[in-house]
Trainee: 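Shown below is the structure under consideration.
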Amino acid sequence: MFRHCMPDEEDEANVSVLEAKYPGAMPYFFSQDPDYITVKERVAKMCVTGEEALDIATIDIAIAALSVGEYLTPLMQKELSGTVASQ
């Protein structure tokens, strides 16, 4: 099983700096700050140049992802209910 924990060690250093700079902001902004910067830069470049924004989801991709989530939700709920009951 794969597990991931946020923020990782690299992000934690950035989080401390951003918490001091922007007190009161929602904590998830700090750990995802590098990703937000990348997304904003790529979308801004697309707006200026018309070039496709590399690795940025479109509305169609977002709709497809939501559809997958809707499909998988009852399957995962069923699977997890059996796992929880047997523990």
Side-chain angles (χ1 to χ4, degrees):
M1 175 185 295
F2 173 78
R3 292 181 187 254
H4 176 70
C5 183
M6 283 184 60
D8 61 19
E9 290 179 13
E10 183 180 328
D11 290 337
E12 283 181 10
N14 191 40
V15 167
S16 298
V17 170
L18 293 172
E19 282 176 332
K21 189 173 181 179
Y22 304 105
M26 298 303 289
Y28 60 85
F29 286 125
F30 303 138
S31 62
Q32 297 175 7
D33 180 66
D35 297 325
Y36 291 140
I37 290 169
T38 299
V39 169
K40 288 187 279 185
E41 286 175 349
R42 290 179 182 179
V43 171
K45 182 179 178 183
M46 180 202 63
C47 291
V48 172
T49 66
E51 295 176 25
E52 181 179 345
L54 181 64
D55 297 327
I56 302 297
T58 63
I59 294 298
D60 291 333
I61 292 170
I63 291 169
L66 288 172
S67 296
V68 170
E70 288 174 350
Y71 172 77
L72 290 175
T73 296
L75 299 174
M76 296 302 294
Q77 288 171 331
K78 180 180 178 186
E79 188 68 27
L80 290 171
S81 69
T83 302
V84 173
S86 67
Q87 288 183 354

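In this chain, numbering begins with 1 at the start of the sequence shown.
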Trainee: Verify the cluster assignment for F29 and V15: are they in a single hydrophobic cluster under the rule of side-chain heavy atoms below 4.5 Å apart?
Mentor: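 Looking at the clustering, V15 is in a separate group from F29.
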Trainee: Take atom CD1 of I59 as the centre, draw a 6.0 Å sphere, and report whether it contains more than 12 heavy atoms from other residues, nucleotides or ligands.
Mentor: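 Open.
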Trainee: Rounded at 0.5 Å granularity, tell me how far CD in Q77 sits from CG in L72.
Mentor: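 So the gap between those two atoms works out to 11.0 Å.
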Trainee: Taking the side chain from R42 and the backbone from L54, do they hold a donor-acceptor pair closer than 3.5 Å?
Mentor: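 A pair under 3.5 Å: yes.
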Trainee: Quick one: pull up NZ in K21 and CG in D33 and give me the separation to the nearest 0.5 Å.
Mentor: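 So the gap between those two atoms works out to 9.0 Å.
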Trainee: Between V43 and V48, is there shared hydrophobic-cluster membership here, with clusters defined by ILVMFWY side-chain heavy atoms closer than 4.5 Å?
Mentor: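 No, it is not one cluster - the side chains of V43 and V48 are not joined through contacts under 4.5 Å.
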Trainee: By the side-chain hydrogen bond (donor to acceptor under 3.5 Å, both in side chains) test, which pairs, at least two apart or in different chains, include something from residues 47-74?
Mentor: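 Residue pairs with at least one partner in residues 47-74: there are none.
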Trainee: For Y36, enumerate each residue passing the side-chain hydrogen bond (donor to acceptor under 3.5 Å, both in side chains) test, keeping only those at least two apart in sequence or located in another chain.
Mentor: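 Result, side-chain hydrogen bond (donor to acceptor under 3.5 Å, both in side chains) vs Y36: Q32.
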Trainee: Roughly how far apart are E79 CD and S81 OG, rounded to 0.5 Å?
Mentor: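 Nearest 0.5 Å value for the CD-OG distance: 8.0 Å.
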Trainee: Would you compute the distance between atom CE of M26 and atom OG of S31 and round it to the nearest 0.5 angstrom?
Mentor: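 Rounded to the nearest 0.5 Å, the CE-OG separation comes to 11.0 Å.
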Trainee: Other members of the hydrophobic cluster containing I37, with the 4.5 Å side-chain heavy-atom rule, please.
Mentor: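 Via sub-4.5 Å side-chain contacts, I37 links to none.
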Trainee: Between CG of L66 and CD1 of I61, what distance do you get to the nearest 0.5 Å?
Mentor: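 Separation between the atoms: 12.0 Å.
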Trainee: Nearest heavy-atom pair of L18 and F30: which atoms, and what distance?
Mentor: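 What the structure gives for the nearest pair is CB-CD2, 3.4 Å.
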